[in-house]
Asks: 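If you scroll down you'll find the structure; I have some questions about it.
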Amino acid sequence: MTAKISYADVEVGTELPAQTFPVTRATLVQYAGASGDFNPIHWNERFAKEVGLPDVIAHGMFTMAEAIRVVTDWVGDPGAVVEYGVRFTRPVVVPDDGKGAVIEVSGKVAAKLDDNTVRVDLTATSAGQKVLGASRAVVRLA
């Protein structure tokens, strides 16, 4: 695959299509199985509350993975991501209420770099609070 977005067609300030990602307890169990991370704070409400959390929380790496989907869907090639990093600022709390939580992600081209690359800054929120800080990806465009 190659990036579907042309470097020449992108300007600083270009906004990527925002996306929302639902998260349920079932999602967390599936992610735990795939990742091997069975920490009880991600599935056991009693345990999560005993250690001071408000409820079960999503895996940080799961939240990070959902956020980068805004970039990979926009560029059309996951292999176009050259760098990606975040700071975990708040957990995504996932109540057992039949609805769960939602992660809302938007992105904007913050800089045009050398070698047909751009830096995309992402904003990820859940329940109105920022859950990732300094969320940035460098992406190689066509």
Side-chain angles (χ1 to χ4, degrees), residues 1-7 10-142:
M1 294 178 84
T2 58
K4 296 177 182 176
I5 304 293
S6 170
Y7 181 80
V10 173
E11 300 298 329
V12 170
T14 298
E15 293 189 17
L16 283 61
Q19 294 188 50
T20 58
F21 303 99
V23 186
T24 64
R25 295 282 178 95
T27 308
L28 299 182
V29 171
Q30 291 167 336
Y31 182 82
S35 69
D37 181 352
F38 293 101
N39 187 324
I41 64 172
H42 303 303
W43 56 270
N44 184 316
E45 184 174 337
R46 179 186 46 76
F47 183 84
K49 289 181 176 182
E50 283 176 1
V51 298
L53 295 168
D55 207 330
V56 165
I57 63 170
H59 303 73
M61 296 302 284
F62 171 82
T63 304
M64 186 178 178
E66 292 291 72
I68 196 64
R69 287 177 57 190
V70 167
V71 175
T72 59
D73 288 354
W74 172 69
V75 77
D77 178 10
V81 177
V82 177
E83 287 178 33
Y84 178 46
V86 306
R87 213 176 57 242
F88 301 107
T89 57
R90 282 192 165 74
V92 174
V93 178
V94 183
D96 189 18
D97 61 2
K99 292 186 253 178
V102 174
I103 302 168
E104 299 170 321
V105 184
S106 61
K108 185 184 295 190
V109 175
K112 289 186 85 167
L113 309 171
D114 297 329
D115 202 20
N116 281 15
T117 60
V118 296
R119 189 186 89 216
V120 175
D121 290 353
L122 297 167
T123 300
T125 62
S126 183
Q129 301 213 329
K130 198 171 184 179
V131 295
L132 298 176
S135 184
R136 298 184 179 114
V138 175
V139 185
R140 187 171 324 282
L141 303 179

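In this text, all values refer to a predicted model and were calculated from it rather than measured experimentally.
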Asks: Are Val102 and Val23 close enough that some pair of their side-chain heavy atoms sits under 4.5 Å apart?
Replies: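 No, too far: nothing below the 4.5 Å cut-off.
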Asks: Side-chain contact, heavy-atom cut-off 4.5 Å: Phe21 with Val70?
Replies: yes
Asks: Ignoring hydrogens, what is the shortest heavy-atom contact between Pro91 and Val131? Give both atom names and the distance.
Replies: O-CG1, 4.0 Å
Asks: Between Ala3 and Ala142, what is the shortest heavy-atom contact and its length?
Replies: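 Shortest heavy-atom contact: O-CB, 3.4 Å.
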Asks: Dump the intermediate steps for side chain to side chain contact (heavy atoms under 4.5 Å, CB included) on Val118 and Leu113, then the final yes or no.
Replies: CA-CA 5 Å; Val118 296; Leu113 309 171; 5.8 Å; no
Asks: Please check: side-chain N/O of Trp43 versus main-chain N/O of Val56, any donor-acceptor pairing under 3.5 Å?
Replies: no
Asks: Checking His42 against Asp37 for the side chain to side chain contact (heavy atoms under 4.5 Å, CB included) test, could you report, in this order, the C-alpha distance in whole Å, the side-chain angles of both residues, the deciding distance, and whether it holds?
Replies: CA-CA 9 Å; His42 303 303; Asp37 181 352; 3.9 Å; yes
Asks: Sequence neighbours left out, what pairs pass side-chain hydrogen bond (donor to acceptor under 3.5 Å, both in side chains) with at least one residue falling in residues 102-118?
Replies: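 Output for this query lists Glu104-Thr125, Asp115-Arg140.
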Asks: When rounded to the nearest 0.5 angstrom, what distance separates CG in Leu132 from CG in Leu122?
Replies: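 So the gap between those two atoms works out to 8.5 Å.
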Asks: What ring pair (Phe, Tyr, Trp, His ring centres under 6.0 Å) pairs are there with at least one residue in residues 67-116, not counting sequence neighbours?
Replies: none
Asks: When you measure from the side chain of Ser126 to the backbone of Val92, do you find a donor-acceptor pair of N or O atoms at a distance under 3.5 Å?
Replies: no
Asks: Could you list the residues that satisfy side-chain hydrogen bond (donor to acceptor under 3.5 Å, both in side chains) with Gln30, not counting sequence neighbours?
Replies: none
Asks: Run the side-chain contact (heavy atoms from CB on, under 4.5 Å) test against Ala65 and tell me which residues pass, sequence neighbours left out.
Replies: none
Asks: If the condition is side-chain hydrogen bond (donor to acceptor under 3.5 Å, both in side chains), which residues does Lys49 pass it with, not counting sequence neighbours?
Replies: Glu45
Asks: Between Val94 and Ile57, does a side chain to side chain contact (heavy atoms under 4.5 Å, CB included) hold up when you go through it step by step?
Replies: CA-CA 5 Å; Val94 183; Ile57 63 170; over 6 Å; no
Asks: Under the side-chain contact (heavy atoms from CB on, under 4.5 Å) rule, collect the residues that match up with Thr14, sequence neighbours excluded.
Replies: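 Val10, Glu11, Val109.
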Asks: Which residues pass the ring-ring contact (aromatic ring centres under 6.0 Å, His included) test with Tyr31, not counting sequence neighbours?
Replies: His59, Phe62
Asks: List the residues meeting salt bridge (Lys or Arg N to Asp or Glu O under 4.0 Å) with Asp55, not counting sequence neighbours, and say none if there are none.
Replies: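 Counting only residues at least two positions away or on another chain, Asp55 forms a salt bridge (Lys or Arg N to Asp or Glu O under 4.0 Å) with Arg25.
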Asks: If the condition is side-chain hydrogen bond (donor to acceptor under 3.5 Å, both in side chains), which residues does Thr123 pass it with, not counting sequence neighbours?
Replies: none
Asks: Is there any salt bridge (Lys or Arg N to Asp or Glu O under 4.0 Å) pair reaching into residues 78-100, and which pairs are they, with sequence neighbours excluded?
Replies: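 Residue pairs with at least one partner in residues 78-100: there are none.
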Asks: Could you tell me which residues satisfy side-chain hydrogen bond (donor to acceptor under 3.5 Å, both in side chains) with Arg46, sequence neighbours excluded, listed by chain and number?
Replies: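 With neighbours one apart ignored, the set is Glu50.
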Asks: Of all residues at least two apart in sequence or in a different chain, which pass the salt bridge (Lys or Arg N to Asp or Glu O under 4.0 Å) check with Arg69?
Replies: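 With sequence neighbours excluded, Arg69 shows a salt bridge (Lys or Arg N to Asp or Glu O under 4.0 Å) to Glu66, given in chain and number order.
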